[in-house]
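Below is one structure; the comments refer to it alone.
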Protein chains: 2
Amino acid sequence: MITIKEVARHAGVSISTVSYVLSGKRSISEETKRRVEQSIAALGYHPNAGARALASNRSRVLGLVVPLRSDQNVPVVMQFVSSIVTSARDHDHDVLLLTKEAGPGEAHRVTAGSMADAIIVMDVESADPRVPELRTVDAPVVLLGVPDDHEGLSCVDLDFAAAGRRMVSHLADLGHRSIALIGSPPAVYERGTSYAARLLAGFQQETARRNMPVSVHSCAPGYDSVSACLDTVLHQDRGITGLVVHNEAVLGQLLLELRRRSLDVPRDLSVIALCPDDVAQSLPVPLTSISVPARELGAIAVQMVVTRITQDHAPEVRLLQPRLTERGSTAAR
Amino acid sequence: MITIKEVARHAGVSISTVSYVLSGKRSISEETKRRVEQSIAALGYHPNAGARALASNRSRVLGLVVPLRSDQNVPVVMQFVSSIVTSARDHDHDVLLLTKEAGPGEAHRVTAGSMADAIIVMDVESADPRVPELRTVDAPVVLLGVPDDHEGLSCVDLDFAAAGRRMVSHLADLGHRSIALIGSPPAVYERGTSYAARLLAGFQQETARRNMPVSVHSCAPGYDSVSACLDTVLHQDRGITGLVVHNEAVLGQLLLELRRRSLDVPRDLSVIALCPDDVAQSLPVPLTSISVPARELGAIAVQMVVTRITQDHAPEVRLLQPRLTERGSTAAR
DNA sequence: GCAACGAATCGAAGCGCTTCGATCGTGATT
DNA sequence: AATCACGATCGAAGCGCTTCGATTCGTTGC
């Protein structure tokens with residue numbers, strides 16, 4: 001193993017000088033810096049992470065709590081993870097994988113043992129049982145998702161309420177007067193997933209403000225359940241001309257089912273969804289949608305948490321404003 | 001921060017005694033052990049990972065190279081990751097996330113810097129460009145997937161050739177004489193994904209052995225492409241009575257399309273697939289299938305790599321034998 | 001009764017790094 | 001000419017742990 005000592009000898013300087021070249025915390029002459037860097041390259045030196053962590057009291061590692069249940073939303077989870085790892089590397093940090101299943105205490109274990117300098121928690125729910133414990137973690141914590149009681153914790157998320165309002169406005173501005181929300185599967189609401197509830201709230205708020213009749217439906221995935229749900233929507237409320245869909249898993253089946261009923265999108269029915277852009281694009285009918293900006297959210301979470309490792313910062317909730325992309329699945333009426 | 005020193009004082013013993021209680025590397029009297037353990041619990045002591053790594057020259061971390069492109073197979077990737085993290089924890093290790101995209105050199109960086117003691121690489125392809133570099137990594141490496149040239153490297157995978165043969169036998173034993181393989185999207189073959197090629201080889205080998213006519217089709221995902229593919233299969237080769245499908249993404253659409261054409265499974269056509277069990281179960285027609293045993297593969301990979309951290313072991317290729325589960329989508333003819 | 005032994009424990013020497021003075025020129029300021 | 005400030009560098013003191021002798025003491029064997 002090549003150590004800093006050998007680099008120092010090779011470059012003809014002291015150990016501390018090499019360290020300062022690496023960290024840039026003191027000024028070093030150009031000449032010396034060059035020599036040291038050459039030695040580092042020549043010897044193929046990699047600083048020992050353990051020694052560095054021990055001496056500096058910083059591991060340069062972020063703990064990431066990932067939901068590893070095989071959920072509907074796996075691709076989105078992946079996007080988050082990917083963006084977090086990339087951003088972390090940009091900030092010169094690595095990412096340690098913690099599973100939600102492994103239970104709480106994990107966040108505590110890795111921070112208390114200085115394996116990680118901070119924690120990012122994905123997929124946080126309204127009444128997330130992990131929240132109380134996370135408050136006691138003695139390291140910066142950032143949540144992806146906003147629990148009901150987020151006192152003292154930093155959170156990042158899409159503004160789902162705004163997204164709900166925005167989708168209603170979009171349809172209303174096109175002249176639709178009667179619209180329905182096809183929401184997430186019942187299980188999602190029961191789990192108390194905060195984003196589902198917040199979107200619903202935004203949806204109801206905006207429809208109320210505009211005096212529009214509403215109908216809201218929870219829809220489980222599966223070929224038959226979608227069809228049944230559509231029956232209810234279309235028969236229970238005649239005159240529905242617009243569909244707001246917050247349920248990725250069901251989009252494909254929904255569109256096929258509409259086609260089967262000879263209902264044209266957007267001629268007979270306008271459809272707008274909240275889903276990842278690539279999903280919206282690759283459906284049989286490309287959908288006008290609001291996307292979950294996973295990459296941005298991940299990058300922000302990393303940036304927030306890394307900032308808080310070195311500097312004190314008040315807890316903060318950041319809600320990204322929704323962005324709507326038109327793809328022709330909604331039309332004026 | 002609570003250190004071993006404080007635990008030692010609290011328990012009235014020396015630092016080394018505490019260390020030996022923790023590691024069990026020397027005998028300690030029951031009485032002392034108990035006192036130390038009580039002190040650890042009372043103080044909430046967590047050993048400092050950096051110090052431990054520095055002194056013992058082992059980080060107790062596994063580097064995991066994950067493909068983070070948003071692929072078809074994301075749920076399977078998740079299953080692997082989940083099982084690897086769980087198994088790693090069972091072996092008292094943590095998992096550091098490395099992305100395939102971040103390029104090679106990452107495996108080298110983390111092992112050279114003693115951030116990780118070993119590397120597991122997921123989603124290895126036939127002519128994987130990372131393989132040569134991985135050979136030079138000075139730490140145990142285990143690949144999930146078998147590259148063409150795996151000289152000197154340990155690999156774990158499903159025996160896809162056996163799976164191909166097995167699916168053919170299953171249909172043949174039921175009396176089917178003319179069957180077709182609906183394979184992965186062209187992109188997968190072009191990428192040289194080794195498992196696709198190996199399954200195809202097994203399929204061809206067994207059909208040849210049994211003198212069965214074969215027809216092989218690559219099928220891209222997408223509602224129209226599936227339909228077109230089915231046209232080719234059913235018209236080009238009349239008399240096809242069995243379908244072997246190695247293409248998760250397409251299964252749902254395929255079954256719907258068959259239903260649309262009033263072809264009953266298994267009455268008119270037997271279908272057998274290679275896909276995760278939960279997919280096979282939740283399709284409109286539950287499919288007889290061979291599953292990718294992600295959990296087992298992950299656990300084996302971890303076990304292999306952890307073993308090799310402390311002991312020398314020759315490189316080894318382990319191929320798991322396929323297991324077939326009947327779900328009634330194949331029938332005698 | 002004494003050497004020999006093993007179990008239980010301790011002290012101290014690192015592991016490779018960061019960081020805090022301290023030192024030494026050199027040029028600018030008085 | 002004496003002083004000061006500053007840039008560049010070095011030496012040494014840890015960071016918290018593991019591990020290798022060394023030490024102590026109660027047993028055992030002869």
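Basis for what follows: all heavy atoms, side chains included, without hydrogens, waters or symmetry-related copies. Each chain gets a letter, A, B and so on, in the order the sequences are listed, and its residues count up from 1. These numbers come from a predicted model, not from an experiment.
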Among C:dT18, C:dC10, D:dC17, the one nearest any side-chain atom of A:Arg52 is C:dT18

Looking at A:Glu37 and A:Arg34, does any basic side-chain N land under 4.0 Å from a carboxylate oxygen? no

Check your understanding: Quick one: is A:Lys25 getting a side-chain N or O under 4.0 Å of the C:dT19 phosphate, OP1 or OP2?
Key -> yes

Taken to the nearest whole Å, CD/B:Glu6 to C1'/D:dC17 is 14 Å

### Message
Heavy atoms only, 4.0 Å cut-off, all strands: where does B:Thr32 land among base, sugar-phosphate and nothing?
### Response
sugar-phosphate

Checking C:dT19, D:dT18, C:dG16 against the side chain of A:Leu54 (C-beta onward), the nearest is C:dG16

**OP:** Report which part of the nucleic acid A:Ser29 touches: base, sugar-phosphate, or nothing (heavy-atom distance under 4.0 Å, all strands).
**Re:** sugar-phosphate

B:Arg26 has its side chain closest, among D:dG21, C:dA7, C:dT18, to D:dG21

| query | Counting just side-chain N and O atoms, does B:Lys5 come under 4.0 Å of either OP1 or OP2 of D:dC17? | reply | no

Whole-Å distance, A:Asn57 CG to D:dG16 P, equals 7 Å

Practice task
Could you tell me whether the side chain of B:Ser194 and the main chain of B:Val146 form a donor-acceptor pair under 3.5 Å?
Solution key: yes

From the candidates D:dC17, C:dG16, C:dC17, the one with an atom nearest any side-chain atom of B:Ile4 is D:dC17

note: A:Ile40, atom CD1; C:dC17, atom P; distance rounded to Å ~ 10 Å

Compute whether any side-chain donor of one residue and acceptor of the other, for A:Ser82 and A:Arg295, lie under 3.5 angstrom apart. yes

Among the nucleotides D:dA8, D:dC17, D:dT18, whichever has the atom closest to the side chain of B:Ser19 is D:dT18

In whole angstroms, the gap separating C1' of D:dG7 from CD1 of A:Ile28 amounts to 10 Å

Of the listed D:dT9, D:dG7, D:dG16, the closest approach to the B:Ala55 side chain comes from D:dG16

From OH of B:Tyr20 across to C1' of D:dG21 the rounded distance in Å is 9 Å

Here the distance between atom P of C:dC15 and atom CD1 of B:Ile15, to the nearest Å, is 18 Å

A:Leu22 CG to C:dG16 C1', in whole Å, measures 12 Å

Which of C:dC10, D:dA8, C:dG16 is nearest the side chain of B:Ser14? It is C:dC10

Review point. Would you call B:Arg9 and B:Glu6 a salt bridge, using N to O less than 4.0 angstrom?
Key: no

Out of C:dC15, D:dT19, D:dA12, minimum distance to the side chain of A:Ser16 belongs to D:dA12

When rounded to whole Å, the NE2 to P distance for the pair B:His46 and D:dC17 reads 12 Å

Answer with base, sugar-phosphate or nothing: what part of the nucleic acid does B:Ser27 contact at a heavy-atom distance below 4.0 Å? base

- Query: Any Lys/Arg nitrogen of B:Arg308 or B:Glu316 sitting under 4.0 Å from an Asp/Glu carboxylate oxygen of the other?
  - Reply: yes

Of the candidates C:dC10, D:dC10, C:dG16, the side chain of A:Val13 sits closest to D:dC10

Checking C:dC10, D:dC10, D:dT19 against the side chain of B:Ser56 (C-beta onward), the nearest is D:dT19

Does any donor atom in the side chain of A:Gln79 or A:Ser83 lie under 3.5 Å from an acceptor atom in the other side chain? no

